[in-house]
S.K.: 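Mind having a look at this structure? Questions to follow.
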Number of protein chains: 2
Amino acid sequence: MRKQEPLKLRQSKQRNRILELLRSTGSHPTADWLYDQLKKEFPRLSLGTVYRNLSTLIDQGLVKKIHFGSTFDRFEANIQPHYHLICESCGTILDFEMPIYDDLNQQAKQLTNFNIRHHKLEFFGMCESCNGKG
Amino acid sequence: MRKQEPLKLRQSKQRNRILELLRSTGSHPTADWLYDQLKKEFPRLSLGTVYRNLSTLIDQGLVKKIHFGSTFDRFEANIQPHYHLICESCGTILDFEMPIYDDLNQQAKQLTNFNIRHHKLEFFGMCESCNGKG
DNA sequence: GTCCGTGCAAAAGCTTTGCAGCCTT
DNA sequence: AAGGCTGCAAAGCTTTTGCACGGAC
């Protein structure tokens, strides 16, 4: 998370591909996964470059970082407000096509002096695939 | 998160105090904060001991780990289901005295084949103190 | 006496950063 | 030509772990 004034960005094949990859997958990948994928196209790619570009894309508002209790961060290019479904068995994260309950904020505001702006909602359970195995 | 069979636990002053401290504060502290506090009572305390005991207490179900997007974990001894208020300005985390909306799970279940068991809800905004400053 | 808990130190794992050279504008 | 971008490597930070000793039961 940079605190400086915005830089004059230039095009970079690496950054473009990172964004494309993120937009083409629903898997909320890690930096390392992106690195492994792009290593095929850019054999000399470094993880530092992946992290730096993810940081830049986040500053631009094109990518979001997801924290959900794992040891490593995940990233997504779906910047529309949405909830997540998280499988407690295999760790899969899915975007949840469920309407945002803005009303929750209103209800919450009546119970606290906290100035509530938004909320984050995640559902946990078992995905279809894991459910079948159990 | 240990996967083994439960061990026969013994009493330990360090572990008892960690739990007491967690129960006496609403600040959802980090392992490092607990370490700093208890270093006064146990001058030879090590961070490893704090982490190991937190892990043990979590296994016992007496403590929960909170992940919320920082680089370090926080812990709490409030094991009742509850939501959190998180200040985006100062990082403070408060337990939110708001009823759990179990109905959310029911509504969600109608929209997916995912086997939903529970959800996590966090509200973000500005705490009273930070609100006054802005 | 047994064996769990501790302190110490090293290691692990993810992320950030300094630097010199490259590439976009 | 200017300066953002890259690869490489080192460093940073939080958390985990191996080991021998100490303490609870």
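Reminder, nothing fancy here: chain letters follow the sequence lines and each chain counts from 1.
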S.K.: Round to a whole Å and report the spacing from CG of B/Asn53 to P of C/dC4.
M.R.: 15 Å

S.K.: Round to the nearest Å and state the distance from B/Arg10 atom CZ to D/dA24 atom P.
M.R.: 10 Å

S.K.: Could you please spell out the steps behind the side-chain hydrogen bond (donor to acceptor under 3.5 Å, both in side chains) verdict for A/Glu122 and A/His84?
M.R.: CA-CA 5 Å; A/Glu122 293 161 346; A/His84 285 126; 4.9 Å; no

S.K.: Expressed as a whole number of angstroms, how long is the span from B/Gln11:CD to D/dG22:C1'?
M.R.: 17 Å

S.K.: Base, sugar-phosphate alone, or nothing: which one does B/Asp32 contact when heavy atoms must sit under 4.0 Å apart?
M.R.: nothing

S.K.: How close or far is atom P of D/dT16 from atom CG of B/Asp59, stated in whole angstroms?
M.R.: 11 Å

S.K.: Closest approach to the side chain of A/Thr49, judged atom by atom: which nucleotide of C/dG5, D/dG7, C/dT24 is it?
M.R.: D/dG7

S.K.: Taking for each residue the nucleotide of DNA chain D bearing the nearest heavy atom, is the 5' side occupied by B/Asp73 or by A/Lys13?
M.R.: A/Lys13

S.K.: If you compare all heavy atoms of B/Met126 against all heavy atoms of B/Cys130, which two are closest, and at what distance to 0.1 Å?
M.R.: SD-CB, 3.8 Å

S.K.: Under the 3.5 Å rule, do the base of D/dG23 and the side chain of B/Arg15 count as making a donor-acceptor pair?
M.R.: no

S.K.: Which residues within residues 33-48 of chain A lie with some heavy atom under 4.0 Å of an atom in DNA chain D?
M.R.: A/Arg44, A/Leu45, A/Ser46

S.K.: Check B/Glu20 with B/Arg17, please: is the shortest side-chain N to carboxylate O separation under 4.0 Å?
M.R.: yes

S.K.: Do A/Phe114 and B/Phe123 have ring centres separated by under 6.0 Å?
M.R.: no

S.K.: Check the distance between C/dC14's P and A/Phe68's CZ and give it to me in whole angstrom.
M.R.: 12 Å

S.K.: Keeping the roles fixed (side chain from A/His118, backbone from A/Ile116), state whether a donor-acceptor pair exists under 3.5 Å.
M.R.: no

S.K.: How long is the line joining CD of B/Gln14 and P of D/dG22, in whole Å?
M.R.: 15 Å

S.K.: Can you name the residues that form a salt bridge (Lys or Arg N to Asp or Glu O under 4.0 Å) with A/Glu128, not counting sequence neighbours?
M.R.: none

S.K.: Whether the side chain of B/His28 engages the backbone of B/Ile93 through a donor-acceptor N/O pair (distance < 3.5 Å, no angle test) should be reported.
M.R.: yes

S.K.: Could you state the atom-to-atom distance from NZ of A/Lys8 to C1' of C/dC23 in whole Å?
M.R.: 18 Å

S.K.: Hey, is the side chain of B/Ser12 poking within less than 4.0 Å of OP1 or OP2 on D/dG23, counting only N and O atoms?
M.R.: no

S.K.: Rounded to whole Å, how long is the line connecting atom CZ of B/Arg52 with atom P of C/dA9?
M.R.: 14 Å

